[in-house]
Amino acid sequence: MPDLTKTPVTVLGLGAMGAALARALLAAGHPVTVWNRTPRRAEPLVAAGATAAATAAEAIGACPLVVVCLLDNDCVREVLTGAEGELPGRVVVNLTNGTPGQARELAGWVGAAGADYVDGGIMAIPPMIATPSALVLYSGSAAAFEAHRGALGAFGEASFLGADPGVAAVHDLALLSGMYGMFGGILQAFALVGTTGTAAGDFAPVLRGWLEAMSGYIAAAAEQIDKGDYAIDVASNLAMQAAAIPNLLDGAAEQGISAELLAPLARLMARRAADGHGHEDVTGVIELLRV
Ligand code: FVH
């Protein structure tokens with residue numbers, strides 16, 4: 001049974017993530033109204049206690065807090081445009097992945113339609129929602145975030161990053177950039193070692209141990225970047241690394257593996273070393289990213 005003292009919440013979008021968000025709100029006792037383009041996806045949530053709305057407009061009209069989690073921000077704009085008349089007085093929390101520019105544009109559009117806007121980035125996969133490992137980044141209307149901090153806390157740790165609606169997306173994309181860089185390296189490693197007949201499962205603990213040992217680079221790089229000094233505490237200088245990294249490309253080619261994931265980084269390292277920074281750390285490559 002929903003707790004009638006808790007804020008009623010609408011969830012638009014019942015894909016893997018939207019459904020997990022709706023379930024978390026139900027588990028926290030909120031009355032929940034759901035809408036999805038394909039209505040049958042609402043059925044398990046209705047069985048769990050949610051109310052299904054026939055249209056997005058009906059769903060938005062049902063609750064003061066509207067959580068949106070669709071495939072992309074084109075869908076969000078399309079769905080909200082069709083329900084614009086119900087927006088005045090609502091708080092829209094958009095947890096759809098997107099760019100900072102999209103978030104700022106949506107904030108302006110939603111604001112002009114009479115609703116408060118908070119953008120969000122979910123740093124979790126659906127099974128992590130409502131566990132202590134889930135982090136959700138928010139930015140936009142501080143008053144709207146504070147008013148609904150309790151409900152948003154149902155998803156996991158809620159971190160508010162400021163009034164610029166684009167900031168949460170920047171942090172989200174930065175964290176995902178780190179993740180995809182790691183994924184790329186991991187795939188390259190498995191592909192390369194697989195050419196020797198080594199099973200991925202056998203290599204996995206070795207790779208994990210190595211990456212964990214190298215994770216200290218995050219803090220070391222942060223210190224160099226914040227000081228703007230890439231020559232401090234250099235354990236393995238760029239000249240050495242720039243000389244070694246072609247071996248990663250050439251060795252992959254010898255083994256019949258593409259090195260296209262690594263080639264751009266190798267090019268930047270060579271450029272930075274050729275620019276006279278060989279005595280510094282690889283961290284200085286960040287200067288070439290600041291175009
Ligand atoms: N799942 C994850 O691991 C990540 C974790 C971090 C955050 N992302 C972002 O969350 C958004 C939604 O992701 P999702 O996992 O729920 O995605 P799907 O399961 O593919 O569901 C997509 C929903 O979007 C609806 N939809 C698609 N196109 C339209 C449209 N033109 N009009 C209205 N709704 C649309 C779709 O509806 P249907 O196909 O069931 O009718 C789903 O509800 C996303 O930004 C991730 O990057 C997830």
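None of these values were measured; they are calculated from a predicted model. For ligands, and for the atoms within them, numbers begin at 1 and follow the listed sequence. In this chain, numbering begins with 1 at the start of the sequence shown.
Here the closest heavy-atom approach between residue Leu268 and residue Leu288 is recorded as O-CD1, 3.4 Å.
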Pairs under 3.5 angstrom only: tabulate donor-acceptor contacts from the side chains of residues 137-147 to other protein residues two or more places apart or in another chain.
residue	atom	partner	partner atom	Å
Ser139	OG	Asp164	O	2.8
Ser139	OG	Pro165	O	3.1
Ser139	OG	Ala168	N	3.0
Ser141	OG	Ala144	N	3.1
Glu146	OE1	Arg149	NE	3.2
Glu146	OE2	Arg149	NH2	3.0

Table please: side-chain donor-acceptor pairs of residues 117-130 below 3.5 Å, with sequence neighbours left out.
residue	atom	partner	partner atom	Å
Tyr117	OH	Asn94	ND2	3.1
Tyr117	OH	Asp119	OD1	2.4

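Residue Leu65 holds its CG atom at 11.0 Å from OG1 of Thr33, rounded to the nearest 0.5 Å.
Within 4.0 Å of ligand 1, heavy atoms belong to protein residues Gly13, Leu14, Gly15, Ala16, Met17, Gly18, Asn36, Arg37, Thr38, Arg41, Cys69, Leu70, Leu71, Cys75, Glu78, Val79, Thr96, Asn97, Ile122, Ala124, Ile125, Pro126.
Ring geometry for Tyr180 against Phe183 counts as perpendicular: the plane angle is over 60°, on a 0 to 90° scale with 30° as the lower cut.
Under a 4.5 Å side-chain heavy-atom criterion applied to ILVMFWY residues, the cluster that includes Ile232 comprises that residue alone.
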